Amino acid sequence: MSILAWKNLLHDRVRLIVTLTGIVFALVLIAIQFGMFLGFLDTAANIVENNSADLWISAPGIPHVNGGSPIQESKRWKALQVPGVTHTANFAVFFVNWKLPNGAFETCQIAGFDLDSGMGGPWNLVAGRIEDLRGEDTVIIDDLYKTKLGVHNIGETLEINGKRARIVGFTHGIRSFTTAPYVFTSFKNAQNYIPMREHETIFILLRTARGANLPAIRTRLLATIPGIEVFTHDEILLRTRNYWVFGTGAGTTTLMGAMLGLLVGIVVVAQTIYAATIDHLKEFGTLKAMGATNGQIYQVIILQSALAAVMGYVLGISVALAIVGSTANTDLLIKLPWPVALGIFGLTLFMCMSASLLSIRKATTIDPAMVFRG
Amino acid sequence: MQPLISVSQLVKEYGSGANRFRALNDVALDIHAGQVLVLMGPSGSGKTTLISILGGILSATSGSVRIDGREIVGMPESQRPALRRDLFGFIFQGFNLFPALTAEENVGIMCKLKRVPQPARAAAKLLESVGLADKRNAHPADLSGGQKQRVAIARALAGQPRILLADEPTAALDSVSGRNVLEILSGLARQNNRAVIIVTHDPRVLEFSDRIVTIEDGRISSDELRRHIPPTPGDIA
Ligand SMILES: Nc1ncnc2c1ncn2[C@@H]1O[C@H](COP(=O)(O)OP(=O)(O)OP(=O)(O)O)[C@@H](O)[C@H]1O
Ligand SMILES: [Mg+2]
């Protein structure tokens with residue numbers, strides 16, 4: 001019976017093309033929208049994710065890592081007195097204006113970190129040295145933003161918030177969800193660029209002893225230092241991610257796009273498979289008259305959908321991978337890891353199977369006696 | 001000798017209430033293996049209704065139809081596919097071939113459905129038996145009407161069913177191919193001790209028939225034996 005499914009599918013060329021187009025369209029929509037969602041999850045809090053601090057101290061009630069406000073640097077010394085805290089470091093993330101060669105401004109975010117502890121520093125360095133940030137007015141940016149920021153080589157100079165800055169290195173792939181690229185520099189340099197008073201910082205990063213009891217340390221910190229909030233790594237990560245991905249609607253929109261893709265896919269495929277079933281009703285009637293059971297007819301219909309699903313998947317995932325590949329060197333991150341690709345295969349099968357349900361219902365009603373009637 | 005098919009007091013009504021219509025009324029008929037039975041009658045007399053019931057694809061309203069000793073009136077729907085698969089071959093006026101499949105695949109799919117061992121080989125052999133060995137890879141669209149009906153006959157013969165039911169098998173054919181198809185069908189009854197039942201308006205069929213049953217307004221109006229058919233041991237179930 002499988003031969004009938006296969007050959008009928010290939011026989012109706014136009015319908016096959018319409019079906020495959022539907023599946024491919026749906027699949028690409030699902031893959032890209034979901035890939036963008038994953039990309040958002042990745043970029044929204046990458047500055048936290050790649051930070052090795054165990055605890056973060058900030059001003060109370062900050063909405064996310066990009067929305068901190070200055071606190072007294074002296075709180076560091078109090079924090080260091082709490083048992084279990086082994087290192088402390090300043091860290092500043094702050095929006096600044098970057099002056100382009102043509103005189104226009106781009107908004108950037110300074111990430112000023114403590115070079116000695118390394119907490120909050122850049123990753124994926126592809127040119128220059130992090131150590132060079134010890135020099136005055138030095139910065140490292142990501143090579144994905146070279147054009148946007150109008151600089152292309154190490155040694156070029158420019159202005160940040162009216163102060164001189166010199167490029168000493170490039171990272172690759174540190175994207176920013178907010179479209180304001182990160183500019184890495186030492187905390188010392190950052191104090192020049194950020195409108196903070198002396199002895200102020202935005203965050204105090206803590207490293208704790210191995211196996212330290214973080215909730216207990218937090219309780220002590222809050223008890224001894226007034227006017228702060230304390231986060232674990234995961235807490236500030238989640239707060240930041242949730243703010244950008246869900247608070248802004250970006251995540252919901254992409255997820256809805258993916259759902260829409262699924263819906264469009266089911267409707268298009270259901271429609272074409274149903275039309276195919278109607279066209280082959282006489283054949284199914286003949287099979288039934290000649291002794292095929294309903295189950296055997298369903299098999300043909302289901303197999304047809306499954307074959308269409310496999311063909312559509314191969315085409316669709318190839319298109320999606322090509323699109324993902326073409327964005328690799330842009331500031332938009334679309335992720336399509338293999339478990340997701342595999343999941344999409346499952347989804348494609350599900351989509352095609354549910355699309356064939358309508359056809360199966362129709363096949364149940366085929367009266368084999370129809371075969372003798374004209 | 002027990003007949004292969006035994007019909008008595010058969011009634012078929014279509015519709016219900018005021019729309020109720022009696023298409024078959026008290027039909028009785030015994031059919032033996034080895035016979036070519038031709039069913040004739042005016043349009044709307046109930047011929048198609050009768051062979052649909054005989055073939056287990058339409059349920060009767062009342063009466064009895066025994067196929068090979070088994071009562072099929074009142075048989076549950078779930079048992080009917082197996083009955084049709086194991087006992088019958090069907091041939092239709094419109095051929096009902098699968099257009100996407102080649103001649104051999106058309107026959108092969110039925111061999112598979114009927115669980116014939118080595119279905120591909122069996123299909124090739126059946127095509128050969130209807131003189132179409134050279135058309136095995138042709139699609140129905142590339143065959144003439146007569147050739148299509150021969151493919152359909154080969155398909156109906158998959159699994160060597162004991163009963164062949166054909167509804168107007170020659171109506172769509174020219175006289176030469178119609179004759180050829182009738183020759184093949186009548187040969188099949190005699191060679192393999194089958195019952196072959198042909199519904200037709202075609203007078204040419206008479207020379208190939210052993211028995212002519214005429215039906216009018218749902219009743220058998222004449223039953224004429226044209227040749228003496230000796231009962232054969234194959235009749236016994
Ligand atoms: N599904 C149905 N519902 C209602 N009435 C039906 C149905 N099928 C057939 N009939 C009626 O039953 C009667 C017998 O129909 P049937 O098709 O058996 O006739 P037939 O002898 O095969 O005619 P023809 O030579 O035109 O094929 C006709 O009056 C027909 O209108
Ligand atoms: Mg008829």
Side-chain angles (χ1 to χ4, degrees), chain A residues 1-19 272-273 275-305 307-308 311 359-361 363-374, chain B residues 12 14 47-59 77-102 104-106 108-115 119-120 139-141 152 155-156 158-159 161 165-168 171-172 199:
Chain A
M1 304 291 272
S2 52
I3 189 174
L4 193 64
W6 181 238
K7 293 250 171 156
N8 273 352
L9 199 64
L10 294 182
H11 194 70
D12 306 333
R13 285 285 155 76
V14 175
R15 174 168 298 131
L16 180 62
I17 290 169
V18 173
T19 309
T272 54
I273 288 181
T277 309
I278 299 292
D279 273 11
H280 294 287
L281 229 44
K282 192 174 155 197
E283 292 173 41
F284 292 138
T286 304
L287 276 176
K288 236 169 153 170
M290 293 182 156
T293 57
N294 273 338
Q296 286 170 313
I297 309 280
Y298 303 160
Q299 270 178 33
V300 174
I301 295 173
I302 289 174
L303 193 61
Q304 260 180 26
S305 321
L307 288 170
M311 287 196 273
S359 300
I360 284 176
R361 270 198 54 179
T364 317
T365 65
I366 298 171
D367 179 4
M370 72 185 271
V371 289
F372 283 137
R373 314 222 172 269
Chain B
K12 173 65 186 177
Y14 287 113
K47 306 181 294 295
T48 297
T49 303
L50 180 56
I51 67 160
S52 299
I53 292 172
L54 296 185
I57 63 180
L58 187 67
S59 50
E77 199 53 49
S78 59
Q79 292 176 18
R80 289 176 177 269
L83 173 88
R84 299 194 287 260
R85 187 188 66 206
D86 297 338
L87 285 171
F88 296 97
F90 296 93
I91 295 153
F92 313 99
Q93 174 177 347
F95 321 124
N96 291 28
L97 295 176
F98 305 112
L101 305 187
T102 64
E104 190 172 304
E105 288 163 347
N106 262 283
I109 192 171
M110 212 46 65
C111 290
K112 275 184 214 148
L113 184 67
K114 299 199 172 188
R115 303 192 187 130
H139 283 84
R155 184 177 66 175
L165 299 175
D167 196 359
E168 312 262 11
V199 169

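The chains referred to below are lettered A, B, ... by the order of the sequence lines, with proteins before strands, and numbering in each begins at 1. Keep in mind that this is a model prediction, so the values were computed, not measured.
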- Measuring from I3(A):CD1 to T102(B):OG1, what's the distance to the nearest 0.5 Å? 6.5 Å

- Query: With only heavy atoms counted, which part of F88(B) is less than 4.5 Å from chain A, the side chain, the backbone, both or neither?
  - Reply: neither

- Message: Could you check whether any side-chain heavy atom of L58(B) comes within less than 4.5 Å of a side-chain heavy atom of F372(A), counting everything from C-beta outward?
- Response: no

- Message: On a heavy-atom basis, which atom in I57(B) and which in D367(A) lie closest, and how many Å separate them?
- Response: O-OD1, 4.2 Å

- Rounded to the nearest 0.5 Å, what's the gap from NZ on K114(B) to CE on M290(A)? Could you check? 7.0 Å

- Segment of I91(B) engaging chain A (4.5 angstrom heavy-atom cut-off): backbone

- Message: Checking L4(A) against K112(B) for the side chain to side chain contact (heavy atoms under 4.5 Å, CB included) test, could you report, in this order, the C-alpha distance in whole Å, the side-chain angles of both residues, the deciding distance, and whether it holds?
- Response: CA-CA 12 Å; L4(A) 193 64; K112(B) 275 184 214 148; over 6 Å; no

- Task: Working to the nearest 0.5 Å, report the span between CE of M1(A) and CE of M110(B).
- Result: 7.5 Å

- Message: Please report the interatomic distance CD(E77(B)) to CG(N294(A)), rounded to the nearest 0.5 Å.
- Response: 8.5 Å

- Winner by heavy-atom pair count (cut-off under 4.5 Å) against chain A, out of L97(B), D167(B), L87(B): D167(B)

- Query: Do K7(A) and I109(B) come close enough that some side-chain heavy atom pair is under 4.5 Å?
  - Reply: no

- Query: Measuring heavy-atom distances to chain B, does D12(A) have an atom under 4.5 Å in its side chain, in its backbone, in both, or in neither?
  - Reply: neither

- Sort R80(B) into side chain, backbone, both or neither according to what part of it lies under 4.5 angstrom from a heavy atom of chain A. neither

- Item | Closest contact, heavy atoms only, L287(A) versus L113(B) | O-CD2, 4.2 Å

- Task: Measure the acute angle between the ring planes of H11(A) and H139(B), then classify it against the limits of 30° and 60° as parallel, tilted or perpendicular.
- Result: parallel

- Mind listing the closest non-hydrogen atom pair of P81(B) and A292(A) along with its distance? CB-O, 4.0 Å

- Query: Checking heavy atoms, do the side chain of P99(B), its backbone, both or neither come under 4.5 Å from chain A?
  - Reply: both

- Query: So which heavy atom on F90(B) is nearest to which on A289(A), and how close?
  - Reply: CE1-O, 3.1 Å

